[in-house]
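So you know, we letter chains A, B, ... as the sequences are listed, proteins then strands, and number each from 1. Here the structure is a predicted model, which means the values were calculated and not measured.
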There are 2 protein chains.
Amino acid sequence: MTTTLTEENYLKAIYHLSQKQDSGISTNAIAQKIEAKASSVTDMLKKLADKKLISYIKYKGVSLTEKGRLAAVDIIRKHRLWEVFLVDNLNFSWDEVHDVAEQLEHIKSSKLVNELEAFLGFPTHDPHGDPIPDKDGQIQRTNKIVLSQTTLNKRYKCVGVLDSSSEFLKYLDKHNIGIGTEILVLDREEFDQSLTIQIQEKTMVMSKAITSNIYVKQL
Amino acid sequence: MTTTLTEENYLKAIYHLSQKQDSGISTNAIAQKIEAKASSVTDMLKKLADKKLISYIKYKGVSLTEKGRLAAVDIIRKHRLWEVFLVDNLNFSWDEVHDVAEQLEHIKSSKLVNELEAFLGFPTHDPHGDPIPDKDGQIQRTNKIVLSQTTLNKRYKCVGVLDSSSEFLKYLDKHNIGIGTEILVLDREEFDQSLTIQIQEKTMVMSKAITSNIYVKQL
DNA sequence: TTTTATTTTTAGATTTATCTAAATATTTTT
DNA sequence: AAAAATATTTAGATAAATCTAAAAATAAAA
Ligand SMILES: [Mn+2]
Ligand SMILES: [Mn+2]
Ligand SMILES: [Mn+2]
Ligand SMILES: [Mn+2]
């Protein structure tokens, strides 16, 4: 009952796609995420279905079984714990950790991940504000919203990012926005939905492409 | 010019075999170490020779090129640094680290290994007393001997192990022998070369199978 | 120095994960 | 409801790493 690196990447991709859309995850959507051709995906789906990790109905898309969900969440747990380690202890910045974590998440050793978690002080979130699943696959979900959906003249705190690409994170760094940053929403331009916000006395305008990728919580 | 996980394992195997015997490492010796069939080894040797990582003359065995040696030493550097991390920070004992390090040694990120080294305080040796190669592939070699070749009535310090299998390390744990342990050699039985030694007031007899796997330095 | 044994290489197959091209199913448009 | 477009699956190929069985080379023994 061991999963290969490739299978693990498919499970993770299906899991992430399931966050947006509950079931019937399409072959094409997976192909796009994995960066493989649809025919390759079909082959792998048969394999994952044989292993009871997904429910697969030809032409109708897939969904994770409980077994598959637990496997996926375990990879994500490892990924996020390693990201915390890289930032907290090895001087990585939040835009540098993802690629290395993509490799580290496949290391197989339950002692390793559990000891790592303890060493890090049982962190609840990774450097991008994403929650870290616990040993039993439970995820602490908080009711965050995206900055684009905030109401005017209220104060918010940045608690995460939707897009955690290196490019976007560097943009945020440049404008001194990170997890914990306080943001006051001043105005919304109706034409393009751009926001005028204030961060530490400084006022700036942000396009919707930006604000729809920043998670905040009202203070 | 990237090396696959499998290629890396072959390079490491060839490197370790080269420590005992300088050149002309045989196909069979590699096969035994890798736990593969000789025919599989021959295939891989061609591949490694194509990549200029080894010098290979049909039927005459192989040796690492400088490029291959550096690649091998880099894997070993990572392996040993991770072993230090596991023991120093994640509560692993020296008999538990090897299998996990076998996985971690293949993670590709020069920032990761260099930052890890700094985080660990630039350790010179791993938990088994083996030297950690530096960034440039240099290895600090010390003139250690095996316990079986010591002279009577002299005091030694354990500085490493030749056999670092879990079984052997557990045996050493049971008898309170570890890196740094002081050993006084009292007597040698000529018949079977067994040694009577003294460790912290306690006297014990050890077979040659044991004493030839413990590295010591005279005090 | 032949003969025998061992080692190494080659030839051909297998498994995993991928691809292209073609066939089939589903969805959308007319 | 038929035609067109899109999505998905199948068929057949390829590359990496392995294997078994057979052939060839080298080493050891007679
Ligand atoms: Mn990540
Ligand atoms: Mn993350
Ligand atoms: Mn080791
Ligand atoms: Mn070691």
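- Side-chain N/O atoms of Tyr56(A) and Thr27(A) include no donor and acceptor closer than 3.5 Å.
- For the residue pair Thr3(B) / Tyr10(B), no side-chain donor-acceptor distance below 3.5 Å is found, with atom types taken as modelled.
- Sorted by first then second residue, the side-chain hydrogen bond (donor to acceptor under 3.5 Å, both in side chains) pairs that include residues 60-69 of chain A, not counting sequence neighbours, are Glu66(A)-Arg69(A).
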* Could you walk me through whether Trp82(A) and Asp126(A) pass side-chain hydrogen bond (donor to acceptor under 3.5 Å, both in side chains), step by step? => CA-CA 9 Å; Trp82(A) 280 116; Asp126(A) 84 359; over 6 Å; no
* Test salt bridge (charged side-chain N to carboxylate O under 4.0 Å, His left out) on Lys12(B) and Glu102(B) and set out the steps. => CA-CA 11 Å; Lys12(B) 206 171 42 135; Glu102(B) 288 280 298; 2.9 Å; yes
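- The CD1-C1' distance, from Ile34(B) to dT18(D), rounds to 12 Å in whole Å.
- Following rounding to the nearest Å, Met44(A) (CE) and dC19(C) (C1') show an atom-to-atom distance of 14 Å.
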* Sugar-phosphate atoms are those with a prime plus P, OP1 and OP2; base atoms are the rest. Using that split, label each nucleotide of nucleotides 5-11 of chain C B, S or - for protein heavy atoms under 4.0 Å, 5' to 3'. => --SBBB-
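- The shortest distance between the side-chain N/O atoms of Lys37(B) and the OP1/OP2 oxygens of dT18(D) is not below 4.0 Å.
- For Val205(B), the side-chain contact (heavy atoms from CB on, under 4.5 Å) criterion is met by Ser194(B), Thr196(B), not counting sequence neighbours.
- Nucleotide dT30(C) is matched to dA1(D) when pairs are restricted to Watson-Crick or G-U wobble geometry with both distances under 3.5 angstrom.
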